[in-house]
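If you read the sequence from its start, that first residue is 1, and numbering goes on from there.
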Amino acid sequence: MEDRSAKYRPFYAQLICAAARTTDPRIEQAFRTVRREPFAGPGPWSIGLGGHPYVVTPDDDPAFLYQNALLALDPSRGLNIGMPGAHAYWLGGCGVREGETAIQIGAGSGYYTAILAHLVGPRGHVHAYEIDERLAGLARDNLKDLAHVDVRQRSGIASDLPAADVIYVCAGAAQPAPQWLDALQPGGRLVFPLAPEGMLGGMLMITRPDQGAIWPAKFLGRAQFIGCAGLQDADAARRLAEAFAGKWDSVQSLRREGAPDETCWFAGEGWWLSTVPPPVPTESVLPHADITQL
């Protein structure tokens, strides 16, 4: 079969890495290698930029797919393949390594699952969860040739999640699911949108320490996603909106015990975010302005 996009992908990968401000050759190679056509479905396609109406492409020329823009999977529901530059930045921020085990919550049609699979390599593994039956079917078909990927049509909020080095969530939540935190291995990273449905929140990265209840945490930038079923809370959404109006980029740790003190940026049930760093500092991540809507 003719590879119609072969000439576009090298430029696209460079464009995405420029938008993400990453010089990691592994991320560029992943975006260069993974074709978008199977995950986008047949054209014409609806393409958009966060907060703006979709624009329908005039035909199915794959050149339209290889740009830093949202790509609709279901325009009526606002379901998208998210902004590639933002995802490249977030994936770079959590430092996915070869041989690691990753969990993706909210796989959609599987595009970023395939990017994760490229980053962990054949010695690693990706467990992808997608609650929507149609999308899970598409993802399973799109990824069937990757032996180190499995797709499950079910919620990603469960007590039987496999142990993971990286949990990458593509659905907005009012809190980190305890099951995600429990599934992380020491040194493991959870990256999820602390952003209830309909709200501009932030992509939060939490790292599990070897021991203790004070976990390194930091925002990788602002983000807006479709909501994660089971992790919505109207009161938390209201309070989060107020918190994000302040110094959201001052967050440095997640506390899983103790009463919130004057360093608290936001408190949930059984957890709170502090502006005080954990005992072991983490590397800094440059601020980023991309917004992803899924």
Side-chain angles (χ1 to χ4, degrees), residues 19-20 48-52 70 77-94 103-108 112 129 131 155-157 166-181 189-207 215-256 260 263-275 282 285-294:
L49 299 170
H52 298 278
L70 299 169
R77 297 166 61 194
L79 288 172
N80 306 307
I81 298 176
M83 199 83 74
H87 282 273
Y89 181 78
W90 297 329
L91 290 168
C94 66
I103 294 174
Q104 186 189 15
I105 310 295
Y112 292 112
Y129 294 79
I131 198 169
S155 169
I157 307 171
V166 175
I167 300 178
Y168 192 67
V169 182
C170 297
Q175 63 189 45
Q179 296 91 336
W180 301 341
L181 298 174
R189 291 85 66 203
L190 165 64
V191 178
F192 81 103
L194 184 60
E197 186 158 15
M199 192 194 105
L200 175 61
M203 203 70 161
L204 183 65
M205 183 172 80
I206 301 168
T207 303
W215 296 27
K218 57 189 172 185
F219 282 107
L220 302 181
R222 303 300 299 272
Q224 183 172 352
F225 279 74
I226 191 167
C228 183
L231 290 176
Q232 305 301 306
D233 184 301
D235 177 67
R238 176 188 57 77
R239 293 188 298 111
L240 276 168
E242 295 173 355
F244 274 108
K247 295 183 178 180
W248 57 270
D249 55 353
S250 64
V251 168
Q252 298 191 66
S253 61
L254 169 79
R255 312 294 174 112
R256 300 193 72 188
T263 72
C264 177
W265 178 81
F266 181 83
E269 186 175 348
W271 64 280
W272 53 287
L273 295 172
S274 171
T275 58
T282 56
V285 174
L286 293 173
H288 195 266
D290 273 348
I291 297 171
T292 297
Q293 296 179 330
L294 283 177

Determine, stepwise, if the pair Tyr129 / Gln104 fulfils side chain to side chain contact (heavy atoms under 4.5 Å, CB included). CA-CA 6 Å; Tyr129 294 79; Gln104 186 189 15; over 6 Å; no
What is the minimum heavy-atom distance between [X] and [Y], and which atoms define it?
| X | Y | answer |
| --- | --- | --- |
| Pro196 | Leu240 | CD-CD1, 3.8 Å |
| Arg77 | Ile226 | O-CD1, 4.2 Å |
| Glu197 | Gln232 | N-OE1, 2.8 Å |
| Phe225 | Pro193 | CD1-CG, 3.4 Å |
| Trp215 | Arg256 | CZ2-NH1, 3.5 Å |
| Pro176 | Ile206 | CB-CD1, 4.4 Å |

Between the main-chain N or O of Asp235 and the side-chain N or O of Asp233, is there a donor-acceptor pair closer than 3.5 Å? yes
Would you indicate whether Glu242, at its atom CD, is surrounded by more than 12 heavy atoms from other residues, nucleotides or ligands within a distance under 6.0 Å? yes
[X] [atom1] to [Y] [atom2] distance, which is reported to the nearest 0.5 Å:
| X | Y | atom1 | atom2 | result |
| --- | --- | --- | --- | --- |
| Ser253 | Trp265 | OG | CH2 | 12.5 Å |
| Thr207 | Leu190 | OG1 | CG | 9.0 Å |
| Gln175 | Cys228 | CD | SG | 10.0 Å |
| Ile105 | Cys170 | CD1 | SG | 9.0 Å |
| Ile157 | Gln179 | CD1 | CD | 6.5 Å |

Does the side chain to side chain contact (heavy atoms under 4.5 Å, CB included) test come out yes or no for Leu181 and Leu254, once each step is laid out? CA-CA 11 Å; Leu181 298 174; Leu254 169 79; 4.3 Å; yes
Check against side chain to side chain contact (heavy atoms under 4.5 Å, CB included), Val191 and Ile167: CA-CA 6 Å; Val191 178; Ile167 300 178; over 6 Å; no
Tell me if the centroids of the rings in [X] and [Y] come within less than 6.0 Å of each other.
| X | Y | value |
| --- | --- | --- |
| Phe266 | Trp271 | yes |
| Phe219 | Phe244 | yes |
| Trp180 | Tyr168 | no |

Stepwise side chain to side chain contact (heavy atoms under 4.5 Å, CB included) check, Arg222 with Trp248: CA-CA 9 Å; Arg222 303 300 299 272; Trp248 57 270; 3.6 Å; yes
Taking atom types as modelled and ignoring hydrogens, do the side chains of Thr263 and Ser274 form a donor-acceptor contact shorter than 3.5 angstrom? yes
